[in-house]
Amino acid sequence: MAKILINGGPVLQGEVWISGAKNAVLPILFASILGSKTSRIGNVPHLQDVTTSVELMAQMGAMISIDERMRIEIDPTTLNNHEAPYDLVKTMRASILVLGPLLAKHGRATVSLPGGCAIGSRPVNLHIHGLELMGADIQVRNGNIEAIAERLKGARIVMDMVSVTGTENLMMAATLADGITVIENAAQEPEVEDLANYLIAMGAKISGAGSHTITIEGVDELGGAEYSVLPDRIEAGTYLVAGAITGGKVKVTSVRPETMDAILDKLQEAGAKITCGDDWIELDMQGRRPLAVNLTTSPYPAFPTDMQAQFTALNCIAEGTGVITETVFENRFMHVQELQRLGADIQLEGNTAIIRGVEKLTAAPLMATDLRASACLVLAGLVARGETSVDRVYHIDRGYEVIEEKLGQIGAKIRRKQIT
Ligand code: EPZ
């Protein structure tokens, strides 16, 4: 176990290089199972969830190698085990993304039900319903999803709710189905589009990815592909908030600004001067305290739920009162009680947090509860007087590559302390 210790106060200045997107690389790794040839994936972030995914695929028999630059080579043709066991799935819910590829390529899959997590019950009924519409026979018993399909058939699927991995699972399954699949009310996240681009590079016939209607014409076989994962817009947004919360000037590089409009709009509302190039974004607070912002989380292209905790932290020390409403997950304010330990003035009313900005926060020992909440607590520690400790940092390592190095590079007084 480890803790992250932060001494608040420094104004952050400098450049941060952004890694590949966690929520793109995970579906892309599992999508390689659909291929009949080797794939090579680049710009892979060094994250616990990537390690877990590689372990899962190796356990299923795929041949995987990773070089020193985190480029992953996957030969899926040796895969001979169609099970994703509970001991791995329980550590990473995204393991559900093996379901579609295994079923489409091998005609069967046994995947442990992911179960809930800190932020919500996280059901997978939309994944299962969509596969059943495509002709899969699915039984849920003993905590497992047991799926069989001779060959999936194309279907028209209207998603009850916008689901990112639901859309991804069904899109992957449809690439090898017999006929055409149309997914209506599809998730439009850039990570969905990135997955589609990788599948197309493998030979899939997909149109409309990134819109609310995706059409997939099934083919008999997919090859392999060389592919580089898109940059992580949530990691980039997190470091821009680090600049904003300390009143500093931070430039994030190797990003796609066009995937971050909703985040950049809110940062400008908070008083940041934002300039963008093709693959970089610079935030300059000009030494000013941020202004409080109101926001409501919604599916892309609206404000992302994965940036909600970070903006809750920003509002804690902003000028004025900010109202944040979380509409995607039912329990994504676990960070509020931790922020209150630092002296934040936050009132929770259902799925809304009313945050009255205070002049200063005071350091305290904190407990991380989930990935983005832990990033939020680190951000708050950057401006809390004294030394803040964030415990259970395994949460943060799932989604942020060497966060203390990247923050340290731009002036944060931050270090990791092993405790057991
Ligand atoms: C993906 O989770 C991301 N994870 C999440 O990122 C992200 O917060 C979320 O999308 C929303 O953008 C990955 O991509 C690996 P959903 P996912 O299905 O796909 C309900 C992070 O911090 N729902 O879009 O699991 C669900 O309960 C993580 O990087 C059903 O009811 O989220 C939620 O209320 C956290 N039934 C809503 O839909 C289903 O079958 C949206 O969930 C599926 C989802």
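Indexing begins at 1, ligand by ligand and atom by atom, following the structure's order.
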Query raised in the report: Side chains of D137 and Q139: do they bring a donor and an acceptor to under 3.5 Å?
Result: yes

Query - Ion pair R415/E404, N-O distance below 4.0 Å - result: no

**Report entry** Top protein contact for atom 25 (O) of ligand 1, by heavy-atom distance
**Finding:** R122 NH2, 3.1 Å

**Report entry** E73 side chain to T38 side chain, donor-acceptor N/O pair below 3.5 angstrom
**Finding:** no

Query raised in the report: If every non-hydrogen atom of A2 is compared with every non-hydrogen atom of Q418, which pair is closest and at what distance?
Result: CB-OE1, 3.6 Å

Report summary line: Closest to atom 20 (C) of ligand 1 among protein heavy atoms sits M161 CE, 3.8 Å

Report task. Can you figure out which of R372, R332, H395 has its heavy atom closest to atom 35 (C) of ligand 1? Result -> R332

Requested in this report: Indicate whether any N or O donor in one side chain lies under 3.5 Å from an N or O acceptor in the other, for E83 and T110.
Outcome: no

Query raised in the report: If you measure from each heavy atom of V162 to ligand 1, is any distance below 4.0 Å?
Result: yes

Query raised in the report: Tell me, do E168 and L97 make a side-chain contact under 4.5 Å, heavy atoms counted?
Result: yes

Query raised in the report: Any idea which of I96, D306, T165 brings a heavy atom closest to atom 7 (C) of ligand 1?
Result: D306

**Report entry** Lys/Arg-Asp/Glu bridge criterion (N-O < 4.0 Å) met for D178, K153
**Finding:** no

Query raised in the report: Can you list the atoms of ligand 1 that are under 4.0 Å from a heavy atom of V328?
Result: 33 (C), 34 (O), 37 (C), 41 (C)

Report summary line: Min over S163, A375, A118 of heavy-atom distance to atom 44 (C) of ligand 1 lands on S163

Requested in this report: Pull out every atom of ligand 1 sitting under 4.0 Å from any heavy atom of K22, numbered as shown with elements.
Outcome: 21 (C), 29 (O)

Requested in this report: For T305, counting its heavy atoms only, list the atoms of ligand 1 lying under 4.0 Å from any of them.
Outcome: 8 (O), 11 (C), 12 (O)

Query raised in the report: Using heavy atoms and a threshold below 4.0 Å, how should the contact between R93 and ligand 1 be classified: side chain, backbone, both, or neither?
Result: side chain

Query raised in the report: Of P123, S298, A94, S121, which has the heavy atom at the shortest distance from atom 23 (N) of ligand 1?
Result: P123

